Amino acid sequence: MPSSSLRTVIARVRWAGSRAIVALLAGVVAVAGSFAVSGRTPSFVVAPVDAFVVTTTPAIVLTVAIEQLGRLGETLASLVAVALTIGLFAVVAQVTLVGGKTLSSRLPVPAWVGQPAVVGAAMALLAWLLVGNITSAVGTALPAAVLVALAGRRPGESVPAVGVDASRRRLLALTGGVFGFGIVSYAIGSRRSPGLERELETDLEADATALSQQAADMELAVDGIPGLVSESSAFFTVDINNIDPVVDADDWTLTVTGEVDTDYTLTYDDLVTGDVQTGYNTLRCVGEQLNADLLDNAVWTAVPVAPLLERAGPGGGCECVRVQAADGYYQQFPLAVMERGYLAFGMNGTALPRAHGHPVRLLIPGHWGEINVKWVTEFEVLEEEVDGYWEERGWHGTGPVNTIAKLWTTNELDDGRVQVGGHAYAGTRGIETVEVSTDGGDSWTTAELSEAFDPVDVLGDRDAWRQWQYTWEPPAGDSEVVVRAIDGNGDIQPADESSPFPSGSSGWVRETVSV
Ligand SMILES: Nc1nc2c(c(=O)[nH]1)N[C@H]1C(S)=C(S)[C@@H](COP(=O)(O)O)O[C@H]1N2
Ligand SMILES: [Mo]
């Protein structure tokens, strides 16, 4: 028989353990509750933690994540951020359960009211400090306070009051309840996430629809290769956020400032009354693996940047511009490149979707995706060069894109022949030819190409991809298929292989076809 003092020690350890479990559960319901009221918006308490995780991750880790997991390893970063936020709220719950006991016993209310109130207040304060949003703070604190109340001693119960003193049975029931609350909150929060859908003016929408239709008519009949215009929801996304900014078009402004004669600020209405153009434009991310699919084409509704810069009268020693975005992202590149750019507010006939920079993004023809700044807020003409977000992390991703022919589909046809196909892209140089070898690169044949878009329909003249296909009768056994593009300058896609870091992947895509 344990002595009575040993029994007290055991009991205290058990109470401390159950209190820690209650604190952890409080962290979980806090984050779930915040998601239920905020959805995937910057008012969700995980958002600032997530941004912190991304900005403090060492460049080398980011590079490995980008190269190995594709993009930023967003899922991993999200999970880490959610876990950290739960931990943060759990610690606050634990501290207030322990330290707040005295405080709550002084309150002129019974402990079963006082304790949850103290925990809830601390949680609300933390949430408000993180996101500065009252609704989200209440959504975070309320479920945590209710949980603590349910876990605590009920009036008339004869359990000793050391912090929270839930029995094992009650803890199990609470855990089940928290699990259910998490699922319901996830469902509610997912629906709440704003898409910021807007309609374009009818005639602009019609222009975009006509170009999409024209592209559909130009497509090669090859099973399994994506079309010439990517649907907005299928268009790849790459950015530093797991939770994208929410910027309303009515609140949006663009400031042109720095080394200029006159700085000024433009509103969305000013922008869309400019020289609006509709055209195709292709984007490709510098971080993608050679044959990956961070390459897409859309029909954009946009205005040229040059007159907007001219209006400010840019000067400055370096002839360069820093572009700032609402998510804290920034890029710097030459004024001359910027002057060939566009500010897009429409994508495939609708307002620009949130994931692609709503309400306004940059399109810089022929350059890697990273300088196509989304959620753009400011152009600052500089006196001296500075590094952009990714340049600070070792990348050289602001220059012109590498030429690439992708091999995305292999089809065995009914007659025994084999068809291979994909897309090819060379930025503003345009794609002239795609060549295919079926003997590992010893001999080459010209592939069939989709017709090139008329340059007047392209933002950046030739800055749009083309589809290619090649069909042949392979001998029994293995054939090594190699594909390469030749750009509008007559230059063959370089054969030298390199990984994406720091200047984009290069080399020829190869694939073994066996029959
Ligand atoms: N504000 C902002 N703009 C951004 C980024 C970002 O993280 N933040 N990522 C860039 C990168 S690396 C790429 S490849 C393109 C991708 O554009 P998409 O997401 O519309 O495909 O956006 C660029 N613009
Ligand atoms: Mo990118």
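Numbering of ligands and ligand atoms starts at 1, following listing order. When reading the values below, keep in mind they use all heavy atoms of this one structure, side chains included, and skip hydrogens, waters and symmetry mates. Quick caveat, the model's predicted, so the values are computed rather than measured.
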Next item on the list: Check whether any side-chain heavy atom of Thr403 lies under 4.5 Å from a side-chain heavy atom of Asp491, and answer yes or no.
Entry: no
Note every protein N or O atom lying under 3.5 Å from an N or O atom of ligand 1, pairing the names and giving the distance.
residue: ligand 1; atom: 1 (N); partner: Asp327; partner atom: OD1; Å: 2.9
residue: ligand 1; atom: 1 (N); partner: Asp327; partner atom: OD2; Å: 3.1
residue: ligand 1; atom: 1 (N); partner: Lys374; partner atom: O; Å: 2.9
residue: ligand 1; atom: 3 (N); partner: Lys374; partner atom: N; Å: 2.9
residue: ligand 1; atom: 7 (O); partner: Ile240; partner atom: N; Å: 2.8
residue: ligand 1; atom: 8 (N); partner: Asp327; partner atom: OD2; Å: 2.8
residue: ligand 1; atom: 9 (N); partner: Val238; partner atom: O; Å: 3.1
residue: ligand 1; atom: 17 (O); partner: Arg361; partner atom: NH2; Å: 3.1
residue: ligand 1; atom: 19 (O); partner: Val238; partner atom: N; Å: 3.0
residue: ligand 1; atom: 19 (O); partner: Lys374; partner atom: NZ; Å: 2.5
residue: ligand 1; atom: 20 (O); partner: His356; partner atom: ND1; Å: 2.7
residue: ligand 1; atom: 20 (O); partner: Arg361; partner atom: NH1; Å: 2.6
residue: ligand 1; atom: 21 (O); partner: Phe236; partner atom: O; Å: 2.6
residue: ligand 1; atom: 24 (N); partner: Asn372; partner atom: O; Å: 3.1

Check: Does Arg393 make a cation-pi contact with Tyr389 (under 6.0 Å, within 45 degrees of the axis)?
Finding: yes
Note to self: Once rounded to the nearest 0.5 Å, what's the spacing between atom OG1 of Thr398 and atom NE2 of His396?
What the structure shows: 9.0 Å
Note to self: Can you confirm whether or not the ring centre of Tyr425 sits under 6.0 Å from the ring centre of Trp368?
What the structure shows: no
For residues 302-322, which side-chain donor-acceptor pairs fall under 3.5 Å, sequence neighbours excluded?
residue: Arg322; atom: NH1; partner: Gln324; partner atom: OE1; Å: 2.7
residue: Arg322; atom: NH2; partner: Gln324; partner atom: OE1; Å: 3.4

Check: Do Asp387 and Trp395 come within less than 4.5 Å of each other through their side chains, counting heavy atoms only?
Finding: no
